> 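Take this structure, written in structure tokens, and hold onto it; I'll ask about it next.
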Amino acid sequence: MSRYNARTVEPKWQKAWEDAQTFLATRDESKPKYYVLEMFPYPSGRIHIGHVRNYTMGDVIARYKSSCGFSVLHPMGWDAFGMPAENAAMASGGHPKDWTYSNIADMRDQMKPLGLSIDWSREFATCDPEYYGQQQALFLDMLEAGLVYRKNATVNWDPVDMTVLANEQVIDGKGWRSGAPVERRDLTQWFFKISDMAEELLDALDGLDNWPEKVKLMQANWIGKSRGLQFSFDLTTPSVGHDEIEVYTTRPDTLMGASFVGISPDHPLSKALEAENAELAAFNAEIRKSGTSEEALERAEKRGFDTGIKVKHPLNPDWELPVWVANFILMDYGTGAIFACPAHDQRDLDFCRKYDLPVIDTFLALDNPKPVENEAFVPPKTEVVKWIDHFAGLDEANGQEAIDTTIDFAEQRGWGNGVTNYRLRDWGLSRQRYWGCPIPVVHCKACGIVPEKKENLPVALPDDVSFDIPGNPLDRHPTWRDTPCPSCGKPARRETDTMDTFVDSSWYFARFTAPRAETPTVMEDAKYWMNVDQYIGGIEHAILHLLYSRFFARAMKITGHLPETAVEPFDALFTQGMVTHEIYLTRDENDRPVYHLPEEIERTDTGARVIATGEPVTIIPSAKMSKSKKNVVDPVDIIDQYGADTARWFVLSDSPPERDVEWTAAGADAAWKFLGRVWRLAADLGDGDDTNAALEKATAQAIHEVTMGIETFGFNKSVAKLYEFANTIQKSKAGPGAKRKAIKVLAQLMSPMTPHLAEEVWAHLDGEGLIANAAWPKADPALLVDDMVTLPIQINGKRRSELQVAKDLPKEEVEKLALADKAVQKALAGAAPKKLIIVPGRIINVVI
RNA sequence: GCGGUCGUGGCGGAAUUGGUAGACGCGCAGCGUUGAGGUCGCUGUUCUGUAACAGGAGUGAGGGUUCGAGUCCCUCCGACCGCACCA
């Protein structure tokens, strides 16, 4: 008996596929197309077992769809711009370009042995000038279409390194390298007008039937549509050129509970007051010494500064409210000014308790009408509450009714307007960094901002740069930066900001349809291949990447680069879970954590211990893989040890694809053993004309269930069914002819998951051609129906017995049989049942 | 802080979407194969209980709806993802 040897078998079939160009995507108008895409990786240099899971899922779909007669596009590329390349250059010299391309080469070498059905002829990296040049062309078209503009925006500034910091580089309000407290700083930056499409991006979510509900919900919340009231508070005395403060509120119904008016430290009034109020200037300066992330702002302790200015309450001119500058008010949302109603907003309440401001209830709960103390009363907008003094005359009403009534009231009397607002802000794309796509514009003293001419694209990054000085090397590059104005020809300066890497990943899926074209896309190809039929990636991209891509697809339609039908570029989305691994932890003498590699520990009856020292180990299960925690599984090691099919089989087993899966050595071993068992089934098999009805029925059921599993992204269920089917074949007493037929189907059903083994089995059993090109098996529907069913009998909801009946036995007959059942007889003890529930084909419940 | 998700045996997980909880795999136990170990094959395996049945308990905790709840609703606890310059 020959042993299955993945090490020789896998490269053999990979070569066979390559020689036959099996996975080359061709635009074949005679066939339906299918576009499978997994989110492309960042070229860190090492593939991760999470990549293996992601790409294997896509590969299963791609191979399956191909077997079903589709012309499949399954491409791969690299999300290759970004900070890690620059960080590497700063840390250890070298050039981001060399670092990136060498990483790509390494990762490609690690990926190819997985045997993925990828059309590698379409591969590109976003840092290829051929790609980002087309991105620059897109940018210019978007600029012309009015989809891009400039405005001021706040960034994290490291005053020591003299550089802009990303949010992740700000740790506890300090720069990660310098340790200096960061400051907020205003810069003029480029923006995409995504907020203009807020309504459209929100509405269109309804049509995305094959997206996870949770992703749509997260996007809807992110867009954050709200209707509220915009109105002004008049200052009692005009101050620094301001005589009113315009506020936006989503709860105008609580206006009688107003306690103060709050403005953002960056509000124009606050900034104007700084000039004459040193104390406020100091306060604002202090507040600006925090990160710009929303999380940092919201979590910061509530702080405020009383400006001394007073405003009049719009409903009662005798009622004066103080104006405070408060750190939790965002200048980006609404008007950058609010009125605070502490009784019905926890943040406002915390603030008022801290600064001893009044708390006024405006409504009370019907069942528990207690005044607010230290917990704001914030009922759902659907809950009916009792109003204390509603100025528009409400008594008992729910929040939504109150809001609507109040807006109408204000509009009728002309002191306020109902306004629809969105939380979604415009997308700032400027980055003060080298390793990104240059923004193709020129700053000319005479002509202002001038787009680069398309024939001059790409505006390529210069290679002769260094990273030994902080800041953007483009900014200080002597020749690249200086360029003649495309309009007047006089000396001018290039824009030295580059684009956010989210731009690169917002249209790569479209580029894959014509990756070598001299325009961003080619309409014929885009029309044939778009949309992506199945997109697969991590849940961490649920909001930004997907929202930006949806925006870009619309922008590309407007600028003529995508057809109208492609404005929602991803027909179906699947978000897969992580691959996790246990962490092995001990503590050193100072109680600091010490992490151990799996090979450094051994299992004991009670847990595990360090082999070298015998020290007991704490095992943390299901942890995200991280180098520093020493729990990373390298796919290259797994492929060396077991082969790609084992790794592929494992990552599809056990966990549902949307959930995390824990990598275990024992699980990998089990996968490997199973593949060996399948090979042995086929290896010594004879031939014959014999048939076997039971095996044929099992085969039909396996085809049905495995296919359903793949169609519904239940790969773990397909895997379980394949185990069962293999067990059935193994235990079957059928002759070699019948078994041969069953095993060939088994190989086909396994081929999307373990393609190398499947080819080997197929070839061994004299299958025709490559299994990759064989048509997907079809189940005989007649073999899928059972004539008899087993009905469980419950007594008072507890299973007590069961009944074998013909599938179509009339209800009355089932009833008779159920009541005649021994367990039922015993429980009834001669009495009649209170109720008898019979769900045909499902269950019987006798209520006593 | 805000938004979203998840929680089932010793472990990973299944459950036709409100109808037999624990499929399938790991681990463990017993038996067989093997010179031994591993491999391989067979049998068993939620807990409790029993000689064996019977019986009882059971899906993070508590409550509710229902003939019937892992699944629906409410409260709480824990873990994870995102928060606009990480990709």
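Below, chain A is the first sequence line, B the second, and so on; all start at residue 1. Everything numeric here is computed off the predicted structure, so don't read it as measured data.
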> How far, in whole Å, is B:rG27 from B:rC80 if one measures between their C1' atoms?
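27 Å, rounded to whole Å.
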
> Report the residues that fulfil salt bridge (charged side-chain N to carboxylate O under 4.0 Å, His left out) with A:Lys225, sequence neighbours left out, ordered by chain and then residue number.
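Counting only residues at least two positions away or on another chain, A:Lys225 forms a salt bridge (charged side-chain N to carboxylate O under 4.0 Å, His left out) with A:Glu199.
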
> Taking the chi torsion of B:rU50, is it syn (within 90° of 0) or anti (everything else)?
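Chi for B:rU50 falls in the anti range.
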
> Would you give the length of the straight line joining atom CG of A:Asp497 to atom CG of A:Leu187, rounded to the nearest 0.5 angstrom?
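Result: 7.5 Å between the selected atoms.
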
> If the plane angle is over 60° it's perpendicular, under 30° parallel, otherwise tilted; pick one for A:His51 and A:Tyr55.
parallel

> Between A:Phe552 and A:Phe192, is the gap from one ring center to the other below 6.0 Å?
yes

> With syn defined as a glycosidic torsion within 90 degrees of 0 and anti otherwise, which applies to B:rG9?
syn

> Base contacts versus sugar-phosphate-only contacts with protein, heavy atoms under 4.0 Å: please encode nucleotides 19-27 of chain B as B, S and - from 5' to 3'.
BB--BSSS-

> For Watson-Crick and G-U wobble pairs within 3.5 Å on both distances, what is RNA chain B written in dot-bracket notation, | included for inter-strand pairing?
(((((((..(((......[....)))((((((.......))))))(((......)))..(((((..]....))))))))))))....

> Is the shortest distance from a Lys or Arg side-chain nitrogen in A:Glu815 or A:Lys811 to a carboxylate oxygen in the other one below 4.0 Å?
no

> What interatomic distance, in whole Å, is found between P of B:rC28 and the corresponding atom of B:rG78?
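Here B:rG78 and B:rC28 have their P atoms 35 Å from each other.
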
> Taking only the C1' atom of each, what is the distance from B:rA69 to B:rU17 in whole angstrom?
12 Å

> Ignoring hydrogens, what is the shortest heavy-atom contact between A:Phe40 and A:Thr126? Give both atom names and the distance.
CE1-CG2, 3.7 Å

> Say you pick atom P in B:rC6 and the same atom in B:rC73; how far apart are they, in whole Å?
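These two P atoms come out 11 Å apart once rounded.
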
> Rounded to the nearest 0.5 Å, how far does CG of A:Asn54 lie from CE of A:Met39?
8.0 Å

> Between B:rA21 and B:rA15, how many Å separate the two C1' atoms, rounded to a whole number?
7 Å

> Return the value, rounded to whole Å, for the distance between atom CD of A:Gln576 and atom P of B:rU5.
18 Å

> Rounded to whole Å, please give me the gap between CE in A:Met708 and P in B:rA14.
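Rounding to the nearest Å, CE of A:Met708 and P of B:rA14 are 16 Å apart.
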
> List the atom pairs, with distances to 0.1 Å, where a side-chain N or O of residues 76-86 of chain A and a protein N or O form a donor-acceptor pair under 3.5 Å, not counting sequence neighbours.
residue, atom, partner, partner atom, Å
A:Trp78, NE1, A:Glu123, OE2, 2.8
A:Glu86, OE2, A:Tyr434, N, 2.9
A:Glu86, OE2, A:Trp435, N, 2.6

> Show the distances under 3.5 angstrom between N or O atoms of the protein and N or O atoms of nucleotides 44-50 of chain B.
none

> Charged N to carboxylate O under 4.0 angstrom, A:Asp348 versus A:Lys302?
no

> Distance check needed: B:rA54 P versus A:Ile795 CD1, whole Å only.
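My rounded result for the distance is 14 Å.
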
> Can you check each nucleotide of nucleotides 80-87 of chain B against protein heavy atoms at under 4.0 Å and return B for base, S for sugar-phosphate only, - for none, in 5' to 3' order?
-SSBBBSB

> Determine the minimum heavy-atom distance between A:Leu424 and A:Ser195, stating which atoms define it.
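Nearest heavy atoms, A:Leu424 then A:Ser195: O-CB, 3.9 Å.
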
> Is it true that A:Arg184 and A:Asp266 make a salt bridge, defined as a side-chain N closer than 4.0 Å to a carboxylate O?
yes

> Give one of base, sugar-phosphate or nothing for A:Lys731, where a contact means two heavy atoms less than 4.0 Å apart.
sugar-phosphate

> Are A:Asp426 and A:Lys193 within salt-bridge range, i.e. N to O under 4.0 Å?
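So A:Asp426 does not pair with A:Lys193 through a salt bridge.
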
> Between A:Trp427 and A:Phe191 (judged by ring centroids, cut-off 6.0 Å), do the two rings come close enough to count as a pair?
no

> Would you measure the distance from the P atom in B:rU39 across to the matching atom in B:rC83 and give it in whole Å?
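Going atom to atom, P in each nucleotide, I get 46 Å.
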
> Centre of A:Trp222's six-membered ring, under 6.0 Å away, within 45 degrees of the axis: is that where NZ or CZ of A:Arg423 sits?
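Satisfied, under 6.0 Å and within 45°.
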
> Could you measure between the two P atoms, the one in B:rA14 and the one in B:rG60, and give it in whole Å?
13 Å

> Roughly how many Å apart are B:rU34 and B:rC40, using the C1' atom of each and rounding to a whole number?
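Pairwise C1' distance, B:rC40 against B:rU34, rounds to 9 Å.
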
